[in-house]
Amino acid sequence: MKEKFNNYLYQISALGLLVSAALYILKPDIMSYIFAVCAAGFAVSRLNSRYTGGDLRIKRLFRIQKMAGLLMVAASYFMFKPHNQWVPILLIAAFLELYTSFVLHKAQSKG
């Protein structure tokens, strides 16, 4: 049950992050708060995901995913600042998520 809830939290938070980052141009005050809540949910879902196997490559990829979740929280913090410093942090986190999703799928299908 916990794994199912974690999966739902991840999906809803990722969708909220995408929508709030895209609509930030229209309503930056409201979207900053929505992004912050979704980033917190995203980070919690990533920090709760565990790998119990012995493959060091997959363990490393899970740690990178956790770092990307924390970078999303950092991006949400910088959304409340006057400059657009949140954009490069969000891009780095998104790149890390994209990288780990492809490599993790490949590594898990091998083993």
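The heavy-atom pair separating Tyr33 from Asp29 by the smallest distance is CD1-O, 3.1 Å. When all heavy atoms are compared, the tightest approach of Ser49 to Asn6 is N-ND2, 3.8 Å. Among all heavy-atom pairs drawn from Cys38 and Gly16, the shortest one is SG-CA, 3.5 Å. Listed here is the closest heavy atom pair of Val73 and Ala39: CG2-O, 3.7 Å. When all heavy atoms of Glu97 and Tyr10 are compared, the closest pair comes out as OE1-OH, 4.0 Å. Nearest heavy-atom pair across Ala36 and Phe80 is CB-CE1, 4.2 Å.
Considering CZ of Arg50 and CZ of Phe62, their distance stands at 10.5 Å, rounded to 0.5 Å. Atom-to-atom distance recorded for Ile58:CD1 and Lys106:NZ is 12.5 Å, nearest 0.5 angstrom. Summarising the geometry, atom OG1 belonging to Thr100 is positioned 13.0 Å from atom CZ belonging to Arg63; distances are rounded to the nearest 0.5 Å. One finds the CG atom of Leu90 at 14.0 Å from the CZ atom of Phe95 (value rounded to the nearest 0.5 Å). Note that the OH atom of Tyr77 and the OG atom of Ser32 stand 13.0 Å from one another [nearest 0.5 Å].
Tyr99 has its side chain within reach of Leu61: a pair of non-hydrogen atoms, C-beta onward, lies under 4.5 Å apart. Contact of the Gln65 side chain with the Tyr51 side chain is not registered, since no non-hydrogen atoms from C-beta on lie closer than 4.5 Å.
With sequence neighbours left out, Tyr24 forms a side chain to side chain donor-acceptor pair (under 3.5 Å) with no residue at all. In this structure Ala74 satisfies the side chain to side chain contact (heavy atoms under 4.5 Å, CB included) test together with Ile89, sequence neighbours excluded.
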Problem set entry | Chi angles and distances behind the side-chain contact (heavy atoms from CB on, under 4.5 Å) call for Asp55, Gln108 | CA-CA 10 Å; Asp55 191 2; Gln108 287 178 340; over 6 Å; no
